Number of protein chains: 2
Amino acid sequence: MNYEEAKEKFISTWGSLGSMWGINKAMAQIQALLFISTKPLSMEDIMKELKISRGNTSMNLRQLMDWGIVTKELVPGERREFFTTEKDVEELARHIAKERSRREIKPVIKTLKEVSSIKNDGTAKTKELIKQTKALHDLTETADSMINKLVSQEQNWVTKSLLKLIK
Amino acid sequence: MNYEEAKEKFISTWGSLGSMWGINKAMAQIQALLFISTKPLSMEDIMKELKISRGNTSMNLRQLMDWGIVTKELVPGERREFFTTEKDVEELARHIAKERSRREIKPVIKTLKEVSSIKNDGTAKTKELIKQTKALHDLTETADSMINKLVSQEQNWVTKSLLKLIK
DNA sequence: ATAAACTTTCAATAATTATTGAAAGTTTAG
DNA sequence: CTAAACTTTCAATAATTATTGAAAGTTTAT
């Protein structure tokens, strides 16, 4: 496998993985391209490299900036804008985990709380609904909190302790 | 919020959450319905309750069985088949994590390994590709292994130790 | 063996989601 | 101020993914 093949393979794999992070293909591919680029890229560069339209590139770059994993870079003497992504994988994971928690997990926890708090009328089906959604609520909340802690700045000592435990 | 409202809210929330587990809406909704049901349900029950077609129900039940989170239940004296889902949330999480790892994460780790193992020709861009994909590979592998351990049968003592660390 | 009761399959269709591209908008240089 | 260089917006369109429903398949009872 040569450089070009490896690059394409990486970008396409990372792209199809986007759904795991709740982001779309183009968004994931742009991030992947920036991630292995040795220098900031312009919109033109990205469009050409990934063969996607200007509009698509623009919209997805914006979303990546909203996620906090891509930033505009001003290159002195250049009119157009250049973009870079967070290059440190742990920092990247931190951003992604934080955003996912905020956008998707937290709202679900809230709903589970609401649903599990309905009045218990004593019927079997109500009891079951309350019991099961409560269990799901507690699990989700614990998992969310664990991931956020693991991935947060307190990371180091926790992660190291954990790795010792499980390795 | 009464029982019916709470039930609908739970099923629809869980359904829209399906994408987080890489499963589709109908699949997630069927699982949700079974999860709060006090007894096994027939295909007819599920179709009627969720207002989806027979074909859709059949296909998604099969997928849920492939995932190992729904099982056929034989009710004595009944001709048709009944279905139940794993009711224990931790067992459920275990199944889901294991399947996701096997279906999605493991193949990605393999690709990252391949890509990061290309011959280093000494150019800056090749060096960057190798460095970044290697970092991603290591992170992904560690995360996958952590989740699998946390969620596995060795769970108890590890989880408890961890909870003490982070709470 | 046959018919009834039930499930599965899959081509057609619908619903959803992503992408394009051209017009409108913005910024900078002169 | 105006023109050029660049970016954003968004309605139209394409691509993808989910759903239907009826025909084919299977199982069980008689």
Side-chain angles (χ1 to χ4, degrees), chain A residues 11-34 40-67 70-85 103-104, chain B residues 11-34 40-67 70-85 103-104:
Chain A
I11 290 172
S12 103
T13 302
W14 207 239
S16 66
L17 207 68
S19 60
M20 258 182 76
W21 312 118
I23 71 185
N24 76 30
K25 203 180 68 176
M27 210 172 138
Q29 290 189 340
I30 293 172
Q31 199 277 325
L33 178 63
L34 294 172
L41 300 181
S42 70
M43 217 161 88
E44 210 71 38
D45 294 334
I46 295 168
M47 287 168 58
K48 240 176 54 189
E49 193 76 54
L50 301 178
K51 298 187 175 82
I52 59 179
S53 72
R54 190 174 295 284
N56 201 2
T57 308
S58 170
M59 286 174 121
N60 284 113
L61 274 171
R62 175 125 73 91
Q63 284 208 74
L64 284 164
M65 290 188 283
D66 287 350
W67 271 73
V70 161
T71 46
K72 267 186 193 161
E73 192 98 340
L74 289 182
V75 173
E78 280 279 8
R79 177 79 168 264
R80 69 221 143 120
E81 297 168 325
F82 288 79
F83 301 89
T84 43
T85 190
R103 291 171 193 231
E104 300 186 61
Chain B
I11 289 173
S12 103
T13 303
W14 207 238
S16 65
L17 208 67
S19 59
M20 260 181 76
W21 313 117
I23 71 186
N24 76 28
K25 203 180 68 176
M27 210 172 138
Q29 289 189 340
I30 293 172
Q31 199 276 326
L33 178 62
L34 293 172
L41 300 181
S42 70
M43 217 161 89
E44 209 72 37
D45 295 335
I46 296 168
M47 288 167 58
K48 240 174 56 187
E49 193 76 53
L50 301 178
K51 298 186 175 84
I52 58 179
S53 71
R54 190 174 295 283
N56 201 3
T57 309
S58 169
M59 287 175 119
N60 284 113
L61 275 172
R62 176 125 73 93
Q63 285 209 73
L64 284 164
M65 289 187 284
D66 287 350
W67 271 73
V70 161
T71 46
K72 268 186 193 161
E73 192 98 341
L74 289 182
V75 173
E78 279 279 9
R79 178 80 167 264
R80 70 221 143 121
E81 298 167 326
F82 288 80
F83 302 89
T84 43
T85 190
R103 291 172 193 230
E104 300 188 61

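Worth saying up front: this structure is predicted, and the values here are computed from it rather than measured.
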At under 4.0 Å between heavy atoms, what does Glu44(B) touch on the DNA or RNA strands: base, sugar-phosphate, or nothing?
nothing
Whenever both distances are under 3.5 Å in a Watson-Crick or G-U wobble pair, mark it; put DNA chain C into dot-bracket that way, with [ ] for crossing pairs and | when the partner is on another strand.
||||||||||||||||||||||||||||||
Going from CE on Met59(A) to OG1 on Thr57(A), what distance comes out if it is rounded to the nearest 0.5 angstrom?
11.5 Å
Any non-hydrogen side-chain atom of Glu44(B) less than 4.5 Å from a side-chain atom of Arg54(B)?
yes
As an exercise, state the distance from CD of Glu73(A) to CD of Glu81(A), rounded to the nearest 0.5 Å.
11.5 Å
Check whether any side-chain heavy atom of Ile46(A) lies under 4.5 Å from a side-chain heavy atom of Leu61(A), and answer yes or no.
yes
Separation of Leu74(A) atom CG from dT28(C) atom C1', in whole Å?
13 Å
Can you list everything that forms a side-chain hydrogen bond (donor to acceptor under 3.5 Å, both in side chains) with Arg79(B)? Sequence neighbours excluded, please.
none
Hey, could you give me the CD/CD1 distance between Gln29(A) and Ile23(A), rounded to the nearest 0.5 Å?
10.5 Å
Could you encode protein contacts along nucleotides 15-27 of chain D as a string, one character per nucleotide from 5' to 3', using B for base contact, S for sugar-phosphate-only contact and - for no contact, with a heavy-atom cut-off of under 4.0 Å?
---SSBB-----B
Got Met65(A) and Lys72(A) here, is their nearest side-chain heavy-atom distance under 4.5 Å?
yes
Gap separating the CD atom of Glu78(B) from the OG atom of Ser42(B), nearest 0.5 angstrom:
8.0 Å
